[in-house]
Amino acid sequence: MKDWLTVNELARIQGVTPRAIRKGVANNKYVVRQVNGKKGLMYEIFVPALNETTQNLIDFEKSKCEIEKNREPVLRKNSITPPHARQIALARYDLVNLWVDYKKISENKTQAGKEFIDIYNDGKIYSYLFNILGKISIGTIYRWHKAIKGNDDYTKLIPNYDYGEKESNPQLTHEEELVFKSLLLTPNKTNIGKATKLAKYILEKKGLESPSSERNFRRYAENFKRNNYDKWILAREGQKALRDKVQPYIIRDISKLEVGDVLVADGHRLSVQCLNPFTGRPCRPTLIGYLDWKSTALVGYEIMLEENTQAISSALRNSIINLGKIPKICYQDNGKAFRAKFFTGDLHESGINGLFNKLDITPVFAQPYNARAKVIERFFRELQDGFERLLPSFVGSSIKDQPAYMKRNEKFHKEHHIQFIPTIEELSQMLEAYMRFHRTLKCPNVKGKTIGEVLEEGKGSGVDLEKLDDLMLSCEIKNIQRNGIRFLKADYYNDCLYGLKGRVIIKYSLSDLTKIKIYTLKNEFICEAQRVIPIHPMANYLGDIKDQEELKFKLRQQKRLEKQTVKELKNYLKSQNIKTLDWQEIPKIETVQQPKITRNIDPEPTDGRPNFEFKYQRYEWHLQNGFENDKDVTWFKEYELSEEYKQIYRKEKNEACIC
């Protein structure tokens with residue numbers, strides 16, 4: 001809204017006459033200015049100088065103008081008569097005609113009409129019409145007869161009801177609508193009752209009327225929610241709720257899949273406690289599971305303390321063994337552990353591909369925070385309700401879900417609670433028992449068969465366990481040292497490592513750390529190294545026969561390897577024709593010639609000057625004291641041409657230039 005308003009504009013906003021505004025201008029009630037108009041000079045009122053109530057009215061007028069400008073055209077509702085209303089109108093039409101025909105056969109038509117109504121209201125005649133219309137009065141049938149007299153149009157007898165028009169399309173004033181929506185359409189999710197009271201209070205404080213009742217406010221909110229459910233959910237609950245509650249979902253045809261085509265993987269924090277194998281304390285473990293999409297059977301799982309690559313690898317291995325074949329696709333979580341390079345990416349340091357690439361499995365990752373896309377989430381919910389809640393170590397998935405014995409002041413339940421916390425092995429055995437029960441249930445994707453029957457029919461012929469274990473070994477890069485490879489505070493050695501130095505790839509399995517496989521950085525197999533077992537430090541004196549034999553073997557091995565190296569070096573030098581170099585004469589070393597300084601052979605001076613031992617001393621004296629005769633000048637010039645001068649002073653000049 002502009003800063004200056006005309007008298008007529010302000011009068012329209014305040015709901016008064018222009019004369020009242022001009023009277024206020026005459027009494028200096030407003031800050032005004034005079035401008036040239038179509039009919040001469042006219043007054044304009046300065047808006048910021050108006051009181052708060054008037055400025056609020058101006059703001060609402062501005063908002064109203066913008067909304068009206070952007071309002072979408074409202075389509076008129078067609079007045080469609082409901083079927084039951086048409087049925088009532090036809091029943092009324094038939095009853096009026098029967099009433100008229102009954103009066104025609106009687107002499108006293110008025111009395112005959114009353115008799116007809118009495119007999120009808122007793123339900124003795126025309127029971128079908130009576131069930132529709134119920135009891136009526138003589139005045140009602142006269143009114144109906146008057147409505148259709150002369151036109152025989154039964155639509156004139158349609159009940160004049162609005163059929164919930166006020167309920168389905170309640171209206172608020174413009175100001176009420178603005179304030180009410182600003183309170184409702186926020187992520188704070190203000191309830192309708194509180195929003196209604198706050199809206200009325202705000203309007204009252206701004207000096208605006210709110211004629212609508214609280215019931216009308218509620219009807220308006222419910223109608224807006226019913227007709228704009230997507231906007232309601234997005235404004236109050238966010239985009240995820242919009243996708244989960246409003247947007248249509250994708251229907252998948254599972255009949256096009258076969259058992260083992262797609263495995264769905266995810267991690268689930270169990271709501272039961274087990275004993276930590278490292279600390280002995282109760283903890284909630286994590287179940288890593290692979291579910292066959294076709295049969296909905298959990299074909300492989302691993303119970304670990306945390307979700308990590310090793311647990312996922314073990315669960316996948318169990319799934320492949322139980323299926324008897326390698327799946328085509330693994331549809332899994334978007335978490336950090338599932339997206340690790342160990343499974344998907346290229347390990348550039350080692351030159352090998354991820355686990356899925358090695359097994360020729362296509363990894364597909366679900367969208368983040370999109371649980372509806374993973375069918376295994378339903379299995380986890382069934383597992384929690386049908387298995388976890390039956391165990392005495394159940395602690396609930398959240399604070400609200402905790403059992404009574406974990407809450408305060410629940411002495412009865414604490415006394416009767418069974419204090420049993422299983423180990424991971426015992427929990428696995430219990431889970432296997434539940435799996436046997438789960439596979440007896442009906443398969444939702446194949447009618448007439450159980451989950452176990454569908455799974456058994458689709459199993460493969462089996463896999464090579466050694467090859468599978470080799471593909472699923474963990475990898476690291478290590479340096480070859482004197483005792484082979486140092487890994488997990490132990491040495492692994494093989495004679496093939498003797499004489500090698502540098503970085504190599506090791507492949508290992510945490511389930512069997514007695515040996516590791518060693519490869520070059522180009523993934524070329526070198527050897528299989530065994531774990532080195534330390535021997536007795538005083539085997540010959542304090543050890544048994546086994547310790548003594550082990551020591552003798554180590555000593556023989558050292559001598560054998562030393563002889564092997566000496567022999568191989570001799571053969572190598574001979575084969576390459578490498579000979580020892582002959583010693584030659586020691587080359588002469590040029591010495592740096594020192595400058596030759598001659599002594600001064602001039603006679604001793606008689607004019608009081610000092611006696612100079614060397615010529616350069618006299619030269620420097622002349623530089624400081626000058627010349628006394630022509631002989632000194634001649635001597636000075638001759639010295640500058642001498643070799644001594646060149647060796648001493650030119651060398652000093654060159655060194656000064658370098659610095």
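Remember, it's a predicted structure, so these values are computed and weren't measured experimentally.
- No donor-acceptor pair under 3.5 Å is formed between the side chain of Asn445 and the backbone N or O of Ser295.
- Relative orientation of the Phe487 and Tyr492 rings is tilted, given thresholds of 30° and 60° on the angle between their planes.
- Rounding to the nearest 0.5 angstrom, the gap separating the OG atom in Ser397 from the CZ atom in Arg389 is 6.5 Å.
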One pair to check against side-chain contact (heavy atoms from CB on, under 4.5 Å): Arg556 and Lys559. What are the steps and the verdict?
CA-CA 5 Å; Arg556 288 196 302 268; Lys559 292 181 180 180; 5.9 Å; no
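- Note that CG of Leu270 is 8.0 Å distant from CZ of Arg284, once rounded to the nearest 0.5 Å.
- Pairing each heavy atom of Ile303 with each of Pro285, the nearest pair is CG2-CB, 3.8 Å.
- A 4.5 Å side-chain heavy-atom check between Gln558 and Lys554 finds every atom pair outside the cut-off.
- Of all the heavy atoms in Ile424 and Leu275, the pair that sits closest is CG1-O, 4.2 Å.
- Contact of the Tyr290 side chain with the Ile320 side chain is not registered, since no non-hydrogen atoms from C-beta on lie closer than 4.5 Å.
- Considering only residues two or more places apart in sequence or on other chains, Glu456 meets the side-chain contact (heavy atoms from CB on, under 4.5 Å) condition with Lys459.
- No more than 12 heavy atoms of other residues, nucleotides or ligands lie within 6.0 Å of CD1 in Ile250, so this atom counts as exposed by the packing criterion.
- Shown here are the side-chain contact (heavy atoms from CB on, under 4.5 Å) partners of Cys283, two or more places apart in sequence or in another chain: Cys274, Asn276, Leu305.
- Of the residues listed (Phe394, Phe380, Tyr434, Phe437), the one engaging Phe387 in a ring-ring contact (aromatic ring centres under 6.0 Å, His included) is Tyr434, and it is the only one.
- When the side-chain contact (heavy atoms from CB on, under 4.5 Å) test is applied to Asn479, the partners found at least two apart in sequence or on another chain are Arg503.
- Asn494 has its side chain out of reach of Ile526: every pair of non-hydrogen atoms, C-beta onward, lies at least 4.5 Å apart.
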Which atom pairs, donor and acceptor, lie under 3.5 Å between side-chain atoms of residues 407-422 and protein residues at least two apart or in another chain?
| unit_1 | atom_1 | unit_2 | atom_2 | d |
| --- | --- | --- | --- | --- |
| His416 | ND1 | Phe412 | O | 2.9 |
| His417 | NE2 | Pro392 | O | 3.3 |

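- Thr450 is not listed as a side-chain neighbour of Leu441, based on a closest heavy-atom distance of 4.5 Å or more.
- The environment of CG in Leu569 is crowded: more than 12 heavy-atom neighbours from other residues, nucleotides or ligands sit within 6.0 Å.
- Not a single ring pair (Phe, Tyr, Trp, His ring centres under 6.0 Å) links Phe553 to another residue, sequence neighbours left out.
- Around CG of Asn571, the count of heavy atoms belonging to other residues, nucleotides or ligands within 6.0 Å exceeds 12.
- Residue pairs that meet the side-chain hydrogen bond (donor to acceptor under 3.5 Å, both in side chains) test with at least one member in residues 525-539, sequence neighbours left out, do not exist here.
- The salt bridge (charged side-chain N to carboxylate O under 4.0 Å, His left out) pairs that include a residue from residues 422-441 number zero, where partners must be two or more places apart or lie in different chains.
- Of all heavy-atom pairs spanning Tyr493 and Arg482, the tightest one is CE1-O, 3.9 Å.
- For residues 490-499, the pairs satisfying salt bridge (charged side-chain N to carboxylate O under 4.0 Å, His left out) are Arg486-Asp491, Asp495-Arg560, with sequence neighbours left out.
- Counting only distance, with no hydrogens or angles, the side chain of Ser393 and the backbone of Gln273 share a donor-acceptor pair below 3.5 Å.
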Apply side-chain contact (heavy atoms from CB on, under 4.5 Å) to residues Leu263 and Ile329 and explain how you reach the verdict.
CA-CA 6 Å; Leu263 295 185; Ile329 295 175; over 6 Å; no
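- Around the CZ atom of Arg378, the shell of radius 6.0 Å holds no more than 12 heavy atoms that belong to other residues, nucleotides or ligands.
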Using side-chain contact (heavy atoms from CB on, under 4.5 Å), reason through Lys328 and Thr362 one step at a time and then give a plain yes or no.
CA-CA 6 Å; Lys328 298 178 182 178; Thr362 303; over 6 Å; no
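- Salt bridge Arg381/Glu377: absent, no basic N to carboxylate O contact under 4.0 Å.
- Applying the side-chain contact (heavy atoms from CB on, under 4.5 Å) rule to Ser398 yields the partners Lys400, Asp401; only residues at least two apart in sequence or on another chain are considered.
- The CZ atom of Arg618 sits 11.5 Å away from atom OH of Tyr639, with the distance rounded to the nearest 0.5 Å.
- The main-chain N or O of Val299 is found under 3.5 Å from a side-chain atom of Asn322 such that the two form a donor-acceptor pair.
- The ring pair (Phe, Tyr, Trp, His ring centres under 6.0 Å) analysis of residues 438-457, with sequence neighbours excluded, yields the pairs Phe379-His438.
- We find the NZ-CD1 distance between Lys478 and Ile506 to be 6.0 Å, quoted to the nearest 0.5 Å.
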Begin from the C-alpha positions of Leu383 and Leu298 and carry the test side-chain contact (heavy atoms from CB on, under 4.5 Å) through to its verdict.
CA-CA 11 Å; Leu383 180 70; Leu298 192 70; over 6 Å; no
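- Of the possible polar contacts, one joining the Glu388 side chain to the Ser271 backbone as a donor-acceptor pair under 3.5 Å is found.
- Counting only distance, with no hydrogens or angles, the side chain of Lys294 and the backbone of Leu257 share a donor-acceptor pair below 3.5 Å.
- Counting heavy atoms from C-beta outward, Leu316 and Ile288 have side chains that stay 4.5 Å or more apart.
- In this view, Lys325 satisfies the salt bridge (Lys or Arg N to Asp or Glu O under 4.0 Å) rule with no residue, not counting sequence neighbours.
- For Glu457, the salt bridge (Lys or Arg N to Asp or Glu O under 4.0 Å) test picks out Lys449, with sequence neighbours left out.
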